[in-house]
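We count ligands from 1, going down the list as the structure has it; atoms in each ligand are counted the same way.
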Amino acid sequence: MRHLLDIADLGADGIEEVLRLTDSFVEVSARDIPKVPTLRGKTVVSVFFEDSTRTRLSFDTAAKRLGADTMTFTAGSSSLKKGESIRDTVQTIEAMGVHALVVRHASSGVPAQIARWSTSVVINAGDGWHQHPTQALLDCYTIRQRLGSLDGRRVAIVGDIKHSRVARSDVTAFTLLGAEVTLVAPPTLLPPSLEGWPVSVSHHLDDVLGEVDVVYLLRMQRERMTEALVPSLREYTATFGLTTERADRAEAGGALIMHPGPMNRGVEIAAEVADRPNVAVVDQVRNGVPVRMAVLFLMLGSGSETFSSSSSSSSGDRAADGSDEPGDPEPVPVGAGSAVEEGR
Ligand code: CP
């Protein structure tokens, strides 16, 4: 697999491989000097056409902790403003000698299109309503860390499913790892068809709250005009928001509360609820760095069967025995090369 565009491309074995390797990078991140030189000589570019805090900063941190050089392209201050096309922009960036493009765009399919033009590894950092694969990976890692396993766990994904790349990615990842997913939303915030989605649906949060292990709240995406799809934000909060009373019930049932961020405090989650101990939002952000280290390592440096890149610039610096270059303080174990079929 040369590019990471869709979480389904990894299959269950590929997700497991990333999660196993993430354990090693959690350990690296806890060191006084949280760095390994595994990707020394590589250059990772954040190519963000849409705003981001978590994804952009954690990819940048992940690349730096692996010893890579980093560059950041921000659309708003670029020559796109002068009419340059996305294709010419990508070719311009690549001409500087780069190995990976981490791409976010408000339109579905742009990372895949860039992958067709590109000689670099392309990682989808969120495209439109379509996919956000590394968010799904860090969400799986966080649930495992908090609850031990996803297998047999019941997860409610609540809110604006229709416009959510996180929901699409998480449904695939969670179900591949054995969880049962219920989508909880008003009909107007669900996709027109759920054919092929391995989920059940409820329009009543109160009905599912006491029965699930994870309540995964989605942001009301004001930039996607979701307010026109509910009578009012106040009514949405009253019906689907994690109010203090609902949070008490979820807490009593031992449920973990998650949210991909950025949160609208007071809309999908009550302001004080967001800081409770059973809310894993900070863990999700924290885990984003080692998860993305694992992804960058597997795609640019490891030679693992699943992730080996055909890019000439990403043949990897690791020796045949899997060790890093001389001077690596502690080689990072590589997954045993799972045989994941492409396109699952
Ligand atoms: N969860 C997420 O993608 O957040 P950012 O938009 O801040 O990257």
So which pairs with a foot in residues 187-204 pass side-chain hydrogen bond (donor to acceptor under 3.5 Å, both in side chains), sequence neighbours left out? T182-S200
Contact list for residues 155-165, test side-chain hydrogen bond (donor to acceptor under 3.5 Å, both in side chains), sequence neighbours left out: E50-R165, D160-H163
Measure from every N or O atom of ligand 1 to the protein's N or O atoms and keep only the pairs below 3.5 Å, writing each with atom names and distance to 0.1 Å.
{"unit_1": "ligand 1", "atom_1": "1 (N)", "unit_2": "Q135", "atom_2": "OE1", "d": "3.0"}
{"unit_1": "ligand 1", "atom_1": "1 (N)", "unit_2": "P260", "atom_2": "O", "d": "2.9"}
{"unit_1": "ligand 1", "atom_1": "1 (N)", "unit_2": "G261", "atom_2": "O", "d": "3.3"}
{"unit_1": "ligand 1", "atom_1": "3 (O)", "unit_2": "T55", "atom_2": "OG1", "d": "3.0"}
{"unit_1": "ligand 1", "atom_1": "3 (O)", "unit_2": "R104", "atom_2": "NH2", "d": "2.9"}
{"unit_1": "ligand 1", "atom_1": "3 (O)", "unit_2": "H132", "atom_2": "NE2", "d": "2.8"}
{"unit_1": "ligand 1", "atom_1": "4 (O)", "unit_2": "R54", "atom_2": "NE", "d": "3.0"}
{"unit_1": "ligand 1", "atom_1": "6 (O)", "unit_2": "R104", "atom_2": "NH1", "d": "2.8"}
{"unit_1": "ligand 1", "atom_1": "7 (O)", "unit_2": "T53", "atom_2": "N", "d": "2.8"}
{"unit_1": "ligand 1", "atom_1": "7 (O)", "unit_2": "R54", "atom_2": "N", "d": "2.9"}
{"unit_1": "ligand 1", "atom_1": "7 (O)", "unit_2": "R54", "atom_2": "NE", "d": "3.1"}
{"unit_1": "ligand 1", "atom_1": "7 (O)", "unit_2": "R54", "atom_2": "NH2", "d": "3.2"}
{"unit_1": "ligand 1", "atom_1": "8 (O)", "unit_2": "S52", "atom_2": "OG", "d": "2.6"}
{"unit_1": "ligand 1", "atom_1": "8 (O)", "unit_2": "T55", "atom_2": "N", "d": "2.9"}
{"unit_1": "ligand 1", "atom_1": "8 (O)", "unit_2": "T55", "atom_2": "OG1", "d": "2.6"}
{"unit_1": "ligand 1", "atom_1": "8 (O)", "unit_2": "R104", "atom_2": "NH1", "d": "3.4"}
{"unit_1": "ligand 1", "atom_1": "8 (O)", "unit_2": "R104", "atom_2": "NH2", "d": "3.3"}

Salt bridge (charged side-chain N to carboxylate O under 4.0 Å, His left out) against R146, all qualifying residues, sequence neighbours excluded: D283
Whether R31 and E27 form a salt bridge (side-chain N of Lys/Arg under 4.0 Å from carboxylate O of Asp/Glu) is what I want to check. yes
On a heavy-atom basis, which atom in L4 and which in L10 lie closest, and how many Å separate them? CD1-CG, 4.0 Å
At their closest point, which heavy atom of R144 faces which heavy atom of L177, and how far apart are they?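 Looking at all heavy atoms of both residues, the closest pair is NH2-CD1, 4.0 Å.
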